[in-house]
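Inspection log for the structure reproduced underneath, given as structure tokens.
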Amino acid sequence: MLIDTSRTANLDKTMPYLIDKIEVSPSSGNYDILIGSNWLQDSASALASKILMDNVLIITNPVVGDLYAESLIKGLRQIGCSHIIRHDIPDGEHSKNINEYNRAQEALALNFPDPASVPVVIALGGGVVGDISGFVAGTFRRGITCIQVPTTLLACVDSSVGGKTGINFANIKNLLGVFHQPQMVVIDLATLHTLEKRQLCSGMAEVVKYGVVCNRQLFEFVEAHTEALLDIDPNAMAKVVGDCCRIKASVVREDERDTGGRRIVLNFGHTLGHAIESASDYRLLHGEAIAIGMLAATDLAIALNLCDKEVKLRIEKLLRKLQLPVEINGRDLQIESIMKTMRHDKKFSSGENKFVLPTKLGTWQTAQGIAESLIHKILSAYL
Ligand SMILES: NC(=O)c1ccc[n+]([C@@H]2O[C@H](COP(=O)([O-])OP(=O)(O)OC[C@H]3O[C@@H](n4cnc5c(N)ncnc54)[C@H](O)[C@@H]3O)[C@@H](O)[C@H]2O)c1
Ligand SMILES: [Zn+2]
């Protein structure tokens with residue numbers, strides 16, 4: 001396999017290659033994020049060099065599994081993996097539930113009953129597969145090895161890194177879960193080619209989020225390479241995914257368990273975005289709602305004299321170029337239902353709202369207890 005870590009070379013788009021390696025070092029133990037292209041089959045040897053892998057449960061869904069499980073299994077067989085089971089959960093957010101959690105635990109218990117040969121869980125899919133797989137692995141026999149193989153852009157830049165796992169329960173998103181860091185994250189950028197364009201653009205909203213609050217150069221790179229990114233050019237995409245993973249890794253190192261430290265920065269656009277996503281009854285994809293949430297949060301920053309109008313104009317222009325929505329208009333959403341959902345958000349500590357707001361491109365601060373009337377006024381402009 002060609003190894004290129006310069007991140008600038010013009011690489012043959014059909015050759016398997018490893019492009020980048022990022023170390024994540026939370027207090028619970030270090031692990032690597034490996035970013036490559038066309039290398040799903042070859043990635044097994046990278047896994048085997050770090051992790052004992054005789055027994056494997058691959059958790060996936062029918063869409064992703066039918067596309068990619070075969071090459072992964074081929075690679076695992078080549079490294080001598082003797083017992084591999086593929087376990088599918090149905091496609092979609094509604095599968096992040098207790099029944100699918102039970103079914104996956106049963107698959108582990110029935111296929112790998114010997115306590116002396118504990119299996120490894122490989123999560124092959126987007127954030128839904130990743131979240132439930134991590135929770136299953138984090139609780140089977142009090143925690144077994146989980147490897148994340150994210151196949152959506154959102155999962156590559158966000159959900160596969162950082163160890164937050166879980167399922168929805170009692171109609172509440174992510175109510176049950178544990179922190180369980182993966183032992184490795186294996187990203188194959190070529191898998192993004194089969195992703196629906198709308199899902200790809202939705203993932204780009206998270207990339208913009210990292211750029212706006214954490215890294216101005218990343219924001220400017222996305223501005224300058226929008227078309228290449230939407231075409232999934234491996235060089236441009238590797239740079240962006242690598243930068244996002246580096247930011248997420250540094251945030252996780254400082255505030256692994258999201259206990260009031262730096263991890264809050266990842267909430268930029270999410271306080272209002274989550275409320276919009278949920279009030280739309282998930283007709284808006286996560287990133288689409290976050291796009292609007294980021295704009296509204298920037299409006300708040302401007303209203304509080306924390307940020308210049310030019311910043312908002314640049315964010316809005318970039319979101320449009322990325323084919324993301326910049327208003328809610330026409331989506332039959334009631335402002336009251338957004339406000340109500342927002343009040344119930346876990347980010348509201350003891351009833352007081354708390355927002356991450358951009359100050360300039362690449363810097364941020366928090367603002368607490370913002371008047372509801374101001375939030376209402378700003379949101380109204382998007383309806
Ligand atoms: N754990 C975390 O830190 C964290 C962070 C952010 C989001 N999340 C969670 O992530 C979930 C959303 O993840 P998502 O946006 O990846 O959605 P998803 O997992 O539902 O994937 C989106 C769609 O793309 C399909 N798909 C995935 N990869 C594909 C590929 N390569 N080719 C073709 N189709 C493909 C899936 O089958 C699905 O239909 C939510 O449940 C959210 O709560 C978790
Ligand atoms: Zn998000």
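The figures that follow rest on heavy atoms only: side chains count, while hydrogens, waters and symmetry mates do not. Order of appearance sets the numbers: ligands from 1, and atoms from 1 within every ligand.
- When hydrogens are left out, the protein atom nearest atom 35 (C) of ligand 1 is L195 CD1, 3.5 Å; that is the closest non-hydrogen contact.
- For atom 44 (C) of ligand 1, the nearest non-hydrogen atom from the set T194, T165, D131 belongs to D131.
- In this structure, K164 forms no cation-pi arrangement with F179, as its terminal cationic atom is not both closer than 6.0 Å to the ring centre and no more than 45° off the ring axis.
- For atom 16 (O) of ligand 1, the closest non-hydrogen atom of the protein is T152 OG1, 2.6 Å.
- With no hydrogens or angles considered, no side-chain donor-acceptor pair links R77 and S82 at under 3.5 Å.
- Only side-chain heavy atoms of D91 come within less than 4.0 Å of ligand 1; its backbone N, CA, C and O stay farther off.
- Of the candidates E196, K173, H270, the one placing a heavy atom closest to atom 43 (O) of ligand 1 is K173.
- Below 4.0 Å from some heavy atom of N61 lie the following atoms of ligand 1, by number and element: 36 (C), 37 (O).
- Ring pair F135/H180: centre-to-centre distance not below 6.0 Å.
- With respect to the salt-bridge test (charged N to carboxylate O, under 4.0 angstrom), the residues E93 and K173 qualify.
- Taking CD from E316 and CD1 from I292, the interatomic distance works out to 11.0 Å, rounded to the nearest 0.5 Å.
- In terms of protein heavy-atom proximity, atom 23 (C) of ligand 1 is closest to Q199 NE2, 3.7 Å.
- With hydrogens left out, the protein atom closest to atom 6 (C) of ligand 1 is D158 OD2, 3.7 Å, a heavy atom.
- At least one heavy atom of E93 sits closer than 4.0 Å to an atom of ligand 1.
- Here the protein heavy atom with the shortest distance to atom 28 (N) of ligand 1 is T151 OG1, 2.8 Å.
- Residues Q181 and Y31 bring a donor and an acceptor atom of their side chains to less than 3.5 Å of each other.
- With respect to the salt-bridge test (charged N to carboxylate O, under 4.0 angstrom), the residues R314 and E220 qualify.
- V128 CG2, 3.9 Å is the protein heavy atom nearest to atom 18 (P) of ligand 1.
- Donor-acceptor pairing under 3.5 Å is lacking for the side chains of Y210 and E206.
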Worksheet entry | Chi angles and distances behind the side chain to side chain contact (heavy atoms under 4.5 Å, CB included) call for L108, I144 | CA-CA 11 Å; L108 280 172; I144 59 173; 4.2 Å; yes

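- The shortest contact between atom 34 (N) of ligand 1 and any protein heavy atom is with V63 CG1, 3.8 Å.
- Atom numbering of ligand 1 starts at 1 in the shown order; those under 4.0 Å from a heavy atom of Y68 are 31 (N).
- Protein heavy atom at the shortest distance from atom 4 (C) of ligand 1 is S159 CB, 3.2 Å.
- Evaluated by nearest non-hydrogen atom to atom 13 (O) of ligand 1, the leading choice among P150, G126, G127, A123 is G127.
- The nearest N, O or S atom of E206 is closer to the Zn ion (ligand 2) than 2.8 Å.
- Annotation for ligand 1: atoms under 4.0 Å from non-hydrogen atoms of K96 are 40 (C), 41 (O), 42 (C), 43 (O).
- Across N99 and N97, no two heavy atoms sit closer than the pair N-OD1, 3.0 Å.
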